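So the structure is just underneath, and the comments pick up after that.
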Amino acid sequence: MSKKASARESVGLFTLSLLVILTFRWALFEPFVIPSGSMIPSLLINDHIVVNKYSYGLRLPFSKKWITSIKTPERGDIVVFYSVENDKILMVTRVVGLPGDDIEFSKEGRVIINGVAFEQSKLENPNLSKTQAPFYQVDEVDLGDQFRFYDFFAENNGLKKYRTIYKKNAHRWHENLQRVPEGHLFVMGDNRDKSRDGRFWGFIPRTN
């Protein structure tokens with residue numbers, strides 16, 4: 001085999017490998033690093049996760065346009081999405097409200113959807129729950145503070161169960177009813193008093 005043929009084969013294999021990797025990341029799975037503590041205790045800062053890219057369908061590469069839509073996000077799903085404030089930034093948080101939902105919050109911070117509050121049971125041990133196991137283990141280093149300053153809850157939104165954190169004696173107020181527009185979602189972090197989410201910047205378009 002000539003050197004030229006060998007070089008062409010090497011370039012061809014490299015190109016093919018690169019295309020396979022790019023297709024894999026575009027259509028199937030993509031690694032992602034958790035950038036903040038808004039999803040503690042479900043996800044910790046600097047956690048490395050793999051995002052399922054085809055859960056809800058396929059979109060054109062480097063675009064927000066969907067080629068096909070398999071299903072829509074469900075309440076309780078953890079999703080990665082483009083920020084509505086800066087579409088070059090990816091964020092991760094949990095779906096709380098779906099299109100058409102009426103959402104409000106009590107002064108205690110409880111989520112109320114269509115007039116019904118999410119079920120909550122307080123956890124004496126932040127890593128234990130009678131409603132779901134096993135849970136991701138969290139310590140005070142992960143939290144960046146002492147457990148005694150927080151209340152941990154097992155929350156049930158009717159479809160999924162997970163833990164949430166509330167800071168003790170945090171100042172909150174009742175937030176008035178708002179309806180999720182069609183084609184949009186309302187999202188919140190599980191670290192309820194330390195999450196910049198839909199309560200600050202509103203609803204996210206499905207295209208994000």
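We number each residue from 1, following the sequence as shown. All of these numbers come straight from a predicted model, not from anything done at the bench.
Judged by distance alone, the side chains of Asn208 and Asp87 never bring a donor and an acceptor atom under 3.5 Å apart. Under 3.5 Å, the side chains of Tyr162 and Asp190 contain no donor-acceptor pair of N or O atoms. Counting only N and O atoms by type, the side chains of Tyr56 and Asp77 include a donor and acceptor under 3.5 Å apart. For the 3.5 Å distance criterion, the side chains of Gln146 and Glu140 fail to qualify, holding no donor opposite an acceptor.
Counting only heavy atoms from C-beta outward, the side chains of Thr93 and Met39 approach each other to under 4.5 Å. Side-chain contact between Leu143 and Ile165: present, with at least one pair of heavy atoms (C-beta onward) separated by less than 4.5 Å. Proximity of Pro73 to Arg206: side-chain heavy atoms (C-beta onward) are separated by under 4.5 Å at one or more points. Between Ile49 and Leu43 the shortest side-chain heavy-atom distance falls below 4.5 Å. Between Phe153 and Leu123, every side-chain heavy-atom pair lies at or beyond the 4.5 Å cut-off. Contact of the Thr72 side chain with the Pro99 side chain is not registered, since no non-hydrogen atoms from C-beta on lie closer than 4.5 Å. Using a 4.5 Å heavy-atom threshold, the side chains of Arg192 and Lys167 count as separate.
With salt bridges taken as basic N to acidic carboxylate O contacts below 4.0 Å, one links Asp151 and Lys122. For Glu119 and Lys161, the salt-bridge test fails: no basic side-chain N is under 4.0 Å from an acidic carboxylate O. Using a cutoff of 4.0 Å between basic side-chain nitrogens and carboxylate oxygens, Asp197 and Arg94 are not scored as salt-bridged. Between Arg196 and Glu85, at least one side-chain N (NZ, or NE/NH1/NH2) sits under 4.0 Å from a carboxylate O, which counts as a salt bridge.
Taking all atoms of both residues into account, the shortest heavy-atom contact from Gly76 to Asn157 is CA-ND2, 3.4 Å. Smallest separation of non-hydrogen atoms from Val95 and Leu98: CG1-CD2, 3.8 Å. Considering every non-hydrogen atom in both Asn114 and Gly100, the closest pair reads OD1-O, 4.3 Å.
By the 6.0 Å contact criterion, NZ on Lys107 is open, its count of non-hydrogen atoms from other residues, nucleotides or ligands being 12 or less. Counting heavy-atom neighbours within 6.0 Å of Asn86 CG, excluding the residue itself, gives a total above 12.
Ring-centre distance between Phe152 and Tyr166: not below the 6.0 Å cut-off.
Under a 3.5 Å cut-off, the side chain of Asn191 and the backbone N or O of Gly37 do form a donor-acceptor pair. Although no hydrogens or angles enter the test, the distance criterion places a donor-acceptor pair under 3.5 Å between the side chain of Arg75 and the main chain of Val96. A donor-acceptor contact shorter than 3.5 Å is absent between the side chain of Arg110 and the backbone of Phe105. Judged purely by atom type and a 3.5 angstrom limit, Ser195 uses its side chain to pair as donor or acceptor with the backbone of Gly189. Without hydrogens or angle criteria, Asp101 side chain to Ile103 main chain gives no donor-acceptor distance under 3.5 Å. His48 places a side-chain N or O within 3.5 Å of a backbone atom of Asn46 that can act as its donor or acceptor partner.
Rounding to the nearest 0.5 angstrom, the gap separating the OG atom in Ser36 from the NZ atom in Lys194 is 11.5 Å. Between the CD atom in Glu104 and the CZ atom in Arg179 there is a gap of 12.0 Å [rounded to 0.5 Å].
Of the residues Thr207, Ile204, Leu90, the one that meets the side-chain contact (heavy atoms from CB on, under 4.5 Å) test with Tyr82 is Leu90. Among Asn156, Thr164, Ile112, Ile113, the single residue meeting the side-chain contact (heavy atoms from CB on, under 4.5 Å) criterion with Phe118 is Ile113.
The same ILVMFWY cluster, assembled from side-chain heavy atoms under 4.5 Å apart, contains both Trp201 and Val79. Two different hydrophobic clusters hold Val116 and Phe186 under the rule that ILVMFWY side chains link at heavy-atom gaps under 4.5 Å. If you chain together hydrophobic residues whose side chains sit under 4.5 Å apart, Phe203 and Leu177 never meet in one group. By the criterion of side-chain heavy atoms lying less than 4.5 angstrom apart, applied directly or through intervening Ile, Leu, Val, Met, Phe, Trp or Tyr residues, Phe200 is grouped together with Val187 in one hydrophobic cluster. Linking ILVMFWY residues whenever their side-chain heavy atoms come closer than 4.5 Å, directly or via other members, leaves Val51 and Val33 in distinct clusters.
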Report the C-alpha separation of Phe149 and Lys168 in whole Å, then their side-chain angles, then the decisive distance to 0.1 Å, and conclude whether the side-chain contact (heavy atoms from CB on, under 4.5 Å) test is met.
CA-CA 6 Å; Phe149 296 131; Lys168 290 182 179 178; 5.7 Å; no

Assess the residue pair Val111 and Met188 against the criterion (side-chain contact (heavy atoms from CB on, under 4.5 Å)); give the C-alpha distance rounded to whole Å, side-chain angles, the decisive distance to 0.1 Å, and a yes or no.
CA-CA 10 Å; Val111 181; Met188 293 177 66; 3.9 Å; yes

